[in-house]
Amino acid sequence: MSEITVNDAIVQALNEEMQRDARVLLFGEGVATLQPELVKRFGADRVRNTPLSEAIIAGTAVGAAATGLRPVIDMLYAPFLAYAMDAIVNSAGKLRYMSGGQFEFPLVVLAKTGAGWGVGAQHSHNLEAWFVHSPGLKVVMPSNAADFKGLLKSAIRDDNPVLFFSDMALGYDSGRVAAGEEALVPIGKAAIARSGCDVTLVAYAKCVPTCLQAAEQLAALGVDAEVIDLRTLKPLDEATLLTSVRKTGRLVVVHEAGPLCGIGAEIAALISEQAFSALKAPVRRVTSPDVPTPASPVLERAFLPQAPDVVAAVRGLLGGA
Amino acid sequence: MSEITVNDAIVQALNEEMQRDARVLLFGEGVATLQPELVKRFGADRVRNTPLSEAIIAGTAVGAAATGLRPVIDMLYAPFLAYAMDAIVNSAGKLRYMSGGQFEFPLVVLAKTGAGWGVGAQHSHNLEAWFVHSPGLKVVMPSNAADFKGLLKSAIRDDNPVLFFSDMALGYDSGRVAAGEEALVPIGKAAIARSGCDVTLVAYAKCVPTCLQAAEQLAALGVDAEVIDLRTLKPLDEATLLTSVRKTGRLVVVHEAGPLCGIGAEIAALISEQAFSALKAPVRRVTSPDVPTPASPVLERAFLPQAPDVVAAVRGLLGGA
Amino acid sequence: MDFIRTERDPLSLYQSMLLIRAYEKRLAALFAAGNFPLTCSAQGQEAAAVGVVRALNADDRILTNHRSSAHLLARGADPGRLIAEVMGKTTGYCGGKSGTLHISAKALGVVLTSTIVGGELSLATGVALSKQMLKQAGIVACFFGDGAACEGIFHESLNLASVWELPVLYVCENNQWQAFVHRRETMIADRIAPWAGNYAIDYASVDGNDVNAVLTAAEAAVERIRRTGKPYLLETCTYRQKGHFSLDDQGYVDADELTRWKALDPLRRMEAYLLESAGLSADDLAALRAQAEAGLDDAVAFAQQSPYPDSSALTADVYA
Amino acid sequence: MDFIRTERDPLSLYQSMLLIRAYEKRLAALFAAGNFPLTCSAQGQEAAAVGVVRALNADDRILTNHRSSAHLLARGADPGRLIAEVMGKTTGYCGGKSGTLHISAKALGVVLTSTIVGGELSLATGVALSKQMLKQAGIVACFFGDGAACEGIFHESLNLASVWELPVLYVCENNQWQAFVHRRETMIADRIAPWAGNYAIDYASVDGNDVNAVLTAAEAAVERIRRTGKPYLLETCTYRQKGHFSLDDQGYVDADELTRWKALDPLRRMEAYLLESAGLSADDLAALRAQAEAGLDDAVAFAQQSPYPDSSALTADVYA
Ligand SMILES: Cc1ncc(C[n+]2csc(CCOP(=O)(O)OP(=O)(O)O)c2C)c(N)n1
Ligand SMILES: Cc1ncc(C[n+]2csc(CCOP(=O)(O)OP(=O)(O)O)c2C)c(N)n1
Ligand SMILES: [Mg+2]
Ligand SMILES: [Mg+2]
């Protein structure tokens, strides 16, 4: 156990998995320049800078994954994935199925996103729902150092394509992280970040701390909120969600991504299909509005879901609104 | 009024709008070859074949739309949009907002999709939810000849980027279509394809006929189903949906697209947020499974939502399941 | 019985071309008869496919596209299993889930076929990277069309292959058409091979309807890649004798162009060569044709007798 | 007071370069002082920007990218409104919604700026198509980096511009770096201009740190585009004197390379020219520098005094 930042947790996971499996390699625009110690340790062959060519970075990873390597690619910011959709969605997500199971695609796609840096809508755009909607992929988006490390290690060991999203705002958060094997966190398991019995708050990435903050404020109002950290967005941990809502009867889903056809929509639909009778109140979504991320700090703050928004939504539910 | 096919309706709409507004032009891979009469009528400048380059086809349309033209581009099959996501999502959808409203993007993106032709998952993949999730775009997906014509005309006149999806299976369906101006169908208005009081079936594209079929079978069982044809997926016609569900108290959403973070998820979430108290039973989704579209005819049939699946879902609701 | 074919003698080359021609004609007939899936015919491009594929060894890898029948058959694919795949049968190379447009056959080293134009260009570099990093023998041949050369991924793929020195044989089958658009409308140049110069990649352009010329050029290219480890671009200039796909009547194709190219039919030319220079007789050729036809009879019968998948297959093979 | 600048006399060119340098140094100082947004500095690339922008007329259009300050200032942008945009103020060119990375100013003809590398390449053809089809005077200048030249969209954009004969001046600012990667690692060639040859597009490569040379080359290129209606690729060879963005300390940059290029500093060279060949004195230059600094003082004050947008702006400007 040691206290490290999310950014360090990512590098630790890469170090351990590259050490463990010689087939793992890392490439992307600037990764070799920015991770000199990985280059020193594993060689320039396994840690590579690339040309500025997202489509071929992703395509190369897919082709390599199908033929014996286990690539991890750094695509920088999520909106840049717009150049790499064919390789990820049409190839990595479909070619196993389309070939009747002839190929496997053990590959990890790293992408950062998340408002708070004033860099605007072409850097800050949460696109995780696109990949949840597409077949054959897995999607993770952790909220703390231990999960970043544990889920990245699991993603690298997974035999399927995994989209690994990092929220910029969490990079310098630190937390206690286990070393080596014990650090593994399974893909597909949500975590109960706080247990409670009056309402279930479901979130991921930076909205988990937001919900924990809201839960404190709610506690002061005598409301006992359960906070679920999804951690994996695909496959969803339906059991944990259903158990919680069957207990609390109330659900608020919170994320930075836009509302329409987002994870919040999926969870609201899932719950109203599977736990309808348990619901004491409408399911509520607290998300950013359906607009591009503004750069201006004032607008960016207003864009992001904040604890008071979550508290207000919960009070609405308890008011039976 | 005349009886024409969906494919003819599309060409009629293009003819009328290109005639009406000299700024409208059409380009794409093979459009000039396949629409010689449009070339003859409007000239090779306004109806152009392009190189096989989806990214620049879309980018060119976006740049042209911002500077005085009103392009319609034919991107062929929806999965090919994977090459054009940057221009559509990062530019057309965001640059108006990011520029503080300096630019408008009057542009229409045509894309076909829909299983039933045995062409497999790289041609048949319903991606409309991606664009509903992305800000600044509009999305339409009609189910009959009159709506194809009327919505395409409205899309061409709209000052915003509109994704216009055509379901392959409908191309040769014919229907009565009005001529000229009266043919307009507004973007953002759903249609009640059949009114009923026991359950609301919401669908779009080829799943509308599927639901009408199901409604007939349900009528025979004494169940009176209302069928709503969304027609526009973004912006959603919330009022029509809410009115119907408040009347029937039961909702089944049907589409070919995958279930996760799809339109069905959005509507289920919307209804359980806005009409919770009106719901007498869980919201049900009837969609394709979360797998790539198989080519084999047997599997392709099993992949598509069929009327009996809809009937079964409704009976489940009425059984109070 | 997946046996990778590597014979390069004139007779074997001709037999392979004959099989491809018979296969395409048979599929066209089945489609015309109704109730058979549409396909993209390689008729007219047999020499371009056979000459390159036969220059490869068993440990080399092949990536191809929607127009893959010739590459697969030249490599030794069983026509019965190909037709079964086209029909969506369990005995097809992909269990019927691919259908005709993206048939891959791992056992033959034909990997990751994509019908997304340029898809094979995006994947080939990775397959070659595996060869390089896993220190495996063999190179990667990537077949793509003149249309695919217009996609941005062409630029990104060649640039990366050059910078990373990946053993890729890029094979541009310049058949003059890109679905319903003539190559002429999509680029200024008539030849794509010289485009490789921007990436300091060696290249050649060859008469793609002369199987002996193609084999010679391909052998030279492959030898160079094996020696240097660097990529190479070989352009085969050929012609799509049929429409883009089964439903396309080619009404838009210039009649003279079609006649000009039909006069250069690769099978006719190889037959002339065999008669003149290889001591075969007209009867020999007739016998070989009959043999190919008989093979197709069996293949079609096999495919037709094969079962469709059980609907339980719908949700299988999504995840590893 | 949006006034498009088109003066081309040496003094005006120098004043523009001076303003850009002062602007970048001031923003670096504000960032260092804390609580100021990060930006991508154009320091070292002043001549490349000014020489090309001043070769344009008022009815020409400009597309640029994340490193746009020099293009905007050379075109006549108000530094106060630029800094206001960087700070996210209502008086910024985009009302604060863009921030520093994608500033466009329609009134200056600087349209559709994208921070997606290659974004400007994907949009420029359409802006040029409007010029062509609407029969409007003027051409389209598209600024992009050596890194953007590695994106597939470079290939697609130049190919289409060539086939459709679009009046685009492609300006590749080859500053040797692509964020944290040296150009050398991303391509075999040292020059990007010759890549235009594949599309039969005329091209030239010029010393991008000599503003007089850049202006001359740009004027020739523009004249040719106006005359032929066809695209042209001009490469300006220059150097990114600062890190990729404010937080980048350039620790990875080879010291000799940096020294070599700093010796070629574009302002120093223009000053030498003005002293030797334009009859200016050291005092004149000092006065001009002071003038530029004074302008920056006003600009910063304006931006700092400007209000932040009201939160109601959050949902405005999404749809037309
Ligand atoms: C990205 C993409 N765009 C368009 C298509 C539709 N399409 C399939 S094949 C084809 C023509 C391809 O031309 P070329 O690359 O020359 O190959 P050829 O068919 O001539 O062998 C087109 C446009 C596609 N499958 N993928
Ligand atoms: C598609 C995309 N990939 C990566 C980035 C991150 N990024 C921003 S600028 C840059 C370097 C661009 O290099 P170049 O094109 O040479 O322009 P320069 O910064 O040198 O002016 C990178 C990698 C981006 N903004 N967009
Ligand atoms: Mg072709
Ligand atoms: Mg650069």
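All figures in this text were calculated on a predicted structure; none of them were measured in a lab. Each chain gets a letter, A, B and so on, in the order its sequence line appears, and its residues count up from 1.
Classification of C/R183 and C/D190 as a salt-bridged pair holds, one side-chain N sitting under 4.0 Å from a carboxylate O.
With a threshold of 4.5 angstrom between heavy atoms, C/D310 approaches chain B through N, CA, C or O but not through any side-chain atom. Residue C/M87 touches chain B through its backbone alone, counting heavy-atom pairs closer than 4.5 Å. Using a 4.5 Å cut-off between heavy atoms, C/V117 contacts chain B through both its backbone and its side chain. If you measure heavy-atom distances from C/T100 to chain B, you find no contacts under 4.5 Å at all. Residue contact with chain B, scored on non-hydrogen atoms closer than 4.5 Å, is absent for C/H182. Looking at B/L299, both its backbone and its side chain come within 4.5 Å of chain C, counting heavy atoms on both sides. For a residue to count as touching a neighbouring chain, one of its non-hydrogen atoms must lie under 4.5 Å from one of that chain's; by this rule B/Y77 does not touch chain C. For C/I116, the parts lying near chain B are the backbone and the side chain together; criterion is any non-hydrogen pair under 4.5 Å. Residue C/S98 touches chain B through its backbone alone, counting heavy-atom pairs closer than 4.5 Å. Looking at C/P37, there are no atoms closer than 4.5 Å to chain B (heavy atoms on both sides), in backbone or side chain. At a 4.5 Å heavy-atom cutoff, the contact between B/E54 and chain C is made by backbone and side-chain atoms alike. Residue B/A55: no heavy atom, backbone or side chain, is found under 4.5 Å from chain C.
Inspection of the C/Y170 and C/S157 side chains reveals an N or O donor paired with an N or O acceptor under 3.5 Å. C/W195 and C/E235 share no side-chain donor-acceptor pair at under 3.5 Å. In the model, B/H133 has no side-chain atom that pairs as donor or acceptor with a side-chain atom of B/E128 under 3.5 Å. Using modelled atom types, one finds no donor on one side chain facing an acceptor on the other under 3.5 Å when comparing C/T238 with C/N174. Looking at C/T64 and C/H71, their side chains do bring a donor and an acceptor atom within 3.5 Å of each other.
The greatest number of non-hydrogen atom pairs below 4.5 Å with chain B, out of C/G118, C/G95, C/G96, C/C94, is found for C/G96. Of all the listed residues (C/M187, C/E185, C/E85), the one sharing the greatest number of non-hydrogen pairs under 4.5 Å with chain B is C/E185. Among the candidates B/P297, B/G120, B/P79, the residue making the largest number of heavy-atom pairs closer than 4.5 Å to chain C is B/P297. Residue with the most contacts toward chain B among C/I153, C/D146, C/T115, C/T90: C/T115 (heavy-atom pairs, distance under 4.5 Å). Interface check for chain B: of the options C/V318, C/T186, C/T315, C/D317, the most heavy-atom pairs under 4.5 Å are formed by C/T186. With chain C as partner, the option from B/F303, B/F80, B/Y83 having the largest number of non-hydrogen pairs under 4.5 angstrom is B/Y83.
Under a cut-off of 6.0 angstrom, the local environment of CZ in B/R41 is crowded, with over 12 non-hydrogen atoms contributed by other residues, nucleotides or ligands. Within a 6.0 Å sphere centred on CG of C/N35, other residues, nucleotides and ligands contribute 12 heavy atoms or fewer. Other residues, nucleotides and ligands contribute only 12 or fewer heavy atoms inside 6.0 Å of the NZ atom of C/K242.
Note that C/K89 lies in the cation-pi zone of C/Y308, set by a 6.0 Å cut-off to the ring centre and a 45° limit from the axis.
A tilted orientation is assigned to the rings of B/F165 and B/F131, their planes being inclined by 30° to 60°.
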